[in-house]
2 protein chains.
Amino acid sequence: MRDKATSFDIAHMAGVSQSTVSRALRNSPLVNQETREKVQAIALQLNYKVDKNASSLRQRHSRTIALLLFEDPTSDDSMINPFFLSMLGSITKACALEGYDLLVSFQQYSTDWHADYEDTNKADGIILLGYGDYMNYQDKLSKLEQQQTHFVRWGEVDNAHPGLSVGCDNFQGGYKITQHLIGLGRKNLAFVGGADNHCPEFFERFKGMCHALQQAGSNDKPLQIDAITTEDSGYQAAVELLTKDSGVDAIVCASDLIAIGAMRALQDKGIDVPGQIAVVGYDNILLASFANPPLTTVHQNTKKAGELLVTSLIGLIKGEQREPVLIPAELVIRESCGRA
Amino acid sequence: MRDKATSFDIAHMAGVSQSTVSRALRNSPLVNQETREKVQAIALQLNYKVDKNASSLRQRHSRTIALLLFEDPTSDDSMINPFFLSMLGSITKACALEGYDLLVSFQQYSTDWHADYEDTNKADGIILLGYGDYMNYQDKLSKLEQQQTHFVRWGEVDNAHPGLSVGCDNFQGGYKITQHLIGLGRKNLAFVGGADNHCPEFFERFKGMCHALQQAGSNDKPLQIDAITTEDSGYQAAVELLTKDSGVDAIVCASDLIAIGAMRALQDKGIDVPGQIAVVGYDNILLASFANPPLTTVHQNTKKAGELLVTSLIGLIKGEQREPVLIPAELVIRESCGRA
DNA sequence: CTGAAAGCGCTTACAG
DNA sequence: CTGAAAGCGCTTACAG
């Protein structure tokens, strides 16, 4: 650490007390305008910046937010899901807009996560973002709640889940996709992705799908194959699906990455997409529009999501009462389902 | 901020002095093992965490690094270049590995960037990552150097540039691409991207290209069209290129995003890629392998780059002498240039 | 091996 | 409007 000017140095140069310097720099209305200007001029000249540690220590808050990004350890370690990367981008921007610093960290679900950002006063609150097996981290969420940590999570909006959440309307997303497919004449749909309490978001998409199917008069549960959010997992799931049922004419995937893997598997088997089988994704990552054929999917508005996550958390930090936020699902129709 | 236990509370409970608590918690060899264990047990039980602000203030360093991501304000505001997003991911991981916290922030080149992370003691050093007009920020880099800020930048490795840099061998990348194209029988190459001191990295790629061309006996400067790193800019540049010269049979693009835009323009004009015109990108973002046809490009090893950026910076912070690092360029051959 | 004390650089109640 | 003083919660010389 270099030697830097302190507020005492400025006080000395300006011929005022250090308390006045502190007030002048924070634009306190208490200080005489002339004094304020003199102090600020000297500060500028000395390239003085108030020490964040001292200031946070004294004020007992840091005006910084911690973002914890969880990764499923089973996924390819070198690659982060583009959807979360995009969320990271929008959260960063939203923080800057609100005048908060952002601490970011990746965590593995498997290891003990040290969500001690607030306990150490590094941050005033935490944003949780990630995927993986929900049952494995539910306890940790409850613990966070017990400790009265300020946190908000991206995920399924459901009062049974600990913590305030911001999320897209997954049920609606699954519902819209299915309606679209039915409208296109598809009869035999399958779902690729987890569909149980281990991954509540996927599960809701699946439920939305089942609901649309029922409304259309089909009472059979659709065929469902597990997959995690990677291309490889999607590939394998599609292969498995093909061996189980050759009558499927549409595959609803729990994410774009899964869908892209599934399309590759179908094409490797010589099956035409969408001619023989339609494929739908979820997330609308950049890749989706470049897939071949371009992927019909559900757009999750990451810009809005990032802003909402940040403003909700700041509200919580300020002691406000906050309600969970549900962002509407937007169907994006491209070519992977064909035309009516 | 919630009421939390302090080291005094623990001292009281353990029946030792506060200094001993501090020592025990930091695993000082000075403290008796029995005492240490007792103190640590109480700390754990109370869920005590040392206050980062107090600790950093006293120790005069924060063990955190700031990452400043610059965006070209001319590019689409909602989308961050996937290449930089991927760098962000690897930097975050590398920081965690080294036990540093990471503060991330987006900055616009146009506005005054407040690189005061070290001045405020928020961070011990800064990583600079971004693109845009180099001539516009060269001064700021020099200022950072004058202020003795610890920083490392991603970019062209060249001693004339202020600050320590870590970067890929852009000259070599341009050279390898061009050799590959020549080997494939392409005769009339064009370059799409800035090729002057405003963007040193692109310029080096261009120089590598010229060098390979000269070696092959061609002494004309290749046709060059400016473009920034977006798909749209690549599209427009390709359109412009077509109006200028219809004899081009290969386009070397300064980035994958540009290449993808260029391919789209060519296809819109009914030109076969690679049949009539070969296209090469740069970066090897995830999208490249999904482009149609899959894009031949130069891989920039973001994992290695992130690690190197972080370890170099930490070295600097510790007062070590550090040399710039050049990462070799790796040609990734896919289908956008055809076969021999 | 342990404790009492100083001090990191601020902010803010208190007194004037 | 201004100053002297206390205190945020640690770490670390210093003394024993």
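Each chain gets a letter, A, B and so on, in the order the sequences are listed, and its residues count up from 1. When reading the values below, keep in mind they use all heavy atoms of this one structure, side chains included, and skip hydrogens, waters and symmetry mates.
Ser86(A) places no side-chain N or O within donor-acceptor distance of the main-chain N or O of Pro82(A), the cut-off being under 3.5 Å. Side-chain N or O atoms of Ser62(A) include none that pairs as donor or acceptor with a backbone N or O of Ser56(A) at under 3.5 Å.
Atom NE2 in His12(B) sits about 17 Å away from atom P in dG9(D), given to the nearest Å. In this structure, the CG atom of Leu57(A) is 14 Å from the P atom of dG7(D), given to the nearest Å. Residue Lys38(B) contributes atom NZ, which lies 14 Å from atom C1' of dC1(C) at whole-angstrom precision. Asp119(B) has its CG atom 15 Å from the C1' atom of dG9(C), to the nearest Å. The CZ-P distance, from Phe8(A) to dA5(D), rounds to 11 Å in whole Å. Taking atom CD1 on Ile10(B) and atom P on dC10(D), their separation rounds to 8 Å, with Å as the unit. Regarding Asp51(A), its CG atom lies at a distance of 16 Å from the P atom of dG9(D), rounded to whole Å. If you take CG of Asp9(A) and C1' of dC10(C), they are 13 Å apart, rounded to a whole angstrom.
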Item checked: DNA chain C base-pair string [pairs: Watson-Crick or G-U under 3.5 Å; |: paired with another strand] -> |||.||||||||.|||

Notebook entry, point to check: What string of B, S and - do you get for nucleotides 11-16 of chain C, 5' to 3', when a contact is any protein heavy atom under 4.0 Å?
Noted result: BBB---

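In this structure, CD1 on Ile65(A) lies 9.0 Å from CZ on Arg63(A), to the nearest 0.5 angstrom. Atoms CD and NZ, on Gln147(B) and Lys4(A) in that order, are 10.5 Å from each other to the nearest 0.5 Å. One distance of note links CG of Leu69(B) with CG of Leu129(B); it measures 4.5 Å at 0.5 Å rounding. Atom CG in Leu144(A) sits 12.0 Å away from atom CG in Asp139(A) (nearest 0.5 Å). Between Asp119(A) atom CG and Tyr48(B) atom OH the span is 11.0 Å, to the nearest 0.5 Å.
Separating the C1' atom of dG16(D) from that of dT12(D) is a span of 16 Å, rounded to the nearest Å.
The phosphate of dT2(C) has OP1 or OP2 within less than 4.0 Å of a side-chain N or O from Thr35(B).
Arg26(B) meets the salt bridge (charged side-chain N to carboxylate O under 4.0 Å, His left out) test with no other residue; sequence neighbours excluded.
Of the N and O atoms on the side chains of Asn53(A) and Asn121(B), not one donor lies less than 3.5 Å from an acceptor on the other residue.
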